[in-house]
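Nothing here was measured: the structure is a model prediction, and the numbers come from that model.
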Amino acid sequence: KGLIFAGFLKILIPLIVIIPGITAYYLTKDPANIEKFGEVAKADQAYPWLLRNFAPNGIRGLAFAALVAAVVSSLASMLNSTSTIFTLDIYKAHINKTADDKKLVYVGRIAAFVALLIAMVAAKPLLGGLDQAFQYIQEYTGFIYPGVVVVFGMGILWKRATNRAALWTTIATLPAGIAMKMLLPDLPFIIRMGYVCMLLIGIAVALTLTDKNQVAAAPLEPANKQRLLKAGHLFAALTAITLIAGLLFGTNLFGMSMMNLGFHSIFMTMFLFAFLTVIMYTNANSKTKDAKSYDLDPALFKTDRTFLLGAVGIVTIITALYAYFW
């Protein structure tokens with residue numbers, strides 16, 4: 001129930017982020033407002049422009065405090081992650097394998113300080129001349145997200161997923177994102193991420209199914225096997241439905257083209273359903289598994305009616321918002 005509540009709160013974030021921009025856009029269309037309050041030269045100036053000119057003192061301070069808290073929180077988590085990765089995965093693993101805890105803490109502090117200095121030096125050249133820093137950050141972190149989704153997804157759900165598949169999928173993530181940006185520079189970065197994800201899914205599936213480093217898998221209980229097969233049938237049907245819908249809506253019959261955003265979304269959804277179909281069928285029928293895989297009890301994913309209704313409600317609201325604003 002906590003997850004569902006957090007999911008409903010998450011829906012508010014796009015509205016909180018977008019509505020001030022829309023408000024500033026319409027206010028600055030009136031020449032009288034520009035003359036009185038000044039113009040918005042860059043998109044990133046819209047929010048402070050609104051706070052400075054229209055928010056009362058108390059609300060202005062509260063909004064600024066919340067913004068600073070969010071920045072500091074994100075910065076702290078990034079520094080913590082950076083120092084941990086360097087200390088444990090690089091320093092202790094390859095430089096000083098006998099380092100004690102006190103030494104590791106000391107090295108972690110130095111790594112965090114150096115990372116902060118690098119960020120301070122690089123911030124101005126990378127972000128100073130941008131019209132929208134937020135979109136820039138989202139786009140370039142998007143070069144990493146597809147690989148994370150594919151590797152973690154198959155690692156958690158697929159008993160045949162192997163180290164080799166995970167490693168090469170991770171290695172291919174960044175080159176695939178760069179190549180897609182160079183080949184399709186005008187395509188929105190969110191859509192590019194989807195196509196990179198599809199490419200990585202194909203690589204992961206091919207490497208996993210051709211990997212011979214497998215061990216014998218214990219037979220599944222009939223009830224668990226039946227659940228996996230039912231899930232496979234469901235995802236296979238959804239794959240077929242979304243494929244047909246994508247082909248139909250990708251024709252001029254509905255006034256759309258193959259490059260329409262709706263077509264992209266339907267096609268990517270179809271690919272995700274196909275990936276889940278392969279996972280469910282192989283989990284149910286495969287007599288082999290990766291040596292490091294672990295068994296999942298489907299009962300772990302069983303939820304009550306409240307959770308189901310809440311999840312359906314979140315998906316319904318998000319779908320309605322996208323359909324309306326689209």
| Centroid-centroid under 6.0 Å between Phe8 and Phe5 rings | no

| task | Compute the centroid of each ring, for Tyr281 and then for Phe235, and state whether the two points are separated by less than 6.0 Å. | result | no

Does [X] reach the side chain of [Y], with side-chain heavy atoms less than 4.5 Å apart?
X      : Y      : value
Thr239 : Leu276 : no
Thr162 : Leu207 : no
Leu167 : Ile171 : yes
Leu209 : Arg160 : yes
Lys29  : Tyr25  : yes
Lys289 : Val215 : yes
Val205 : Met154 : no

| task | Take Leu229 and Asn285 through the test side-chain contact (heavy atoms from CB on, under 4.5 Å) and record every step on the way to the result. | result | CA-CA 9 Å; Leu229 289 175; Asn285 296 318; 3.8 Å; yes

Distance, nearest 0.5 Å, that separates [atom1] of [X] from [atom2] of [Y]:
X      : Y      : atom1 : atom2 : result
Leu116 : Leu75  : CG    : CG    : 6.0 Å
Lys1   : Asp304 : NZ    : CG    : 6.0 Å
Ile191 : Met268 : CD1   : CE    : 4.5 Å

Closest contact, heavy atoms only, [X] versus [Y]:
X      : Y      : result
Ala172 : Ile203 : CB-CD1, 4.1 Å
Thr288 : Lys159 : O-CE, 4.0 Å
Asn33  : Leu27  : ND2-O, 2.9 Å
Ile144 : Leu174 : CD1-CD1, 4.3 Å

State whether the side chain of [X] and the backbone N or O of [Y] hold a donor-acceptor pair below 3.5 Å, judged by distance alone.
X      : Y      : result
Ser77  : Ser74  : yes
Ser83  : Ala112 : no
Trp158 : Val278 : no

| field | For Ile314, the option from Ile318, Ile317, Thr316, Val312 that meets side-chain contact (heavy atoms from CB on, under 4.5 Å) | value | Ile318

| said: For a quick check under 3.5 Å, do Asn96 and Thr98 share a side-chain donor-acceptor pair by atom type? | reply: yes

| request: Evaluate whether atom CZ of Arg109 has more than 12 neighbouring non-hydrogen atoms of other residues, nucleotides or ligands under 6.0 angstrom away. | output: no

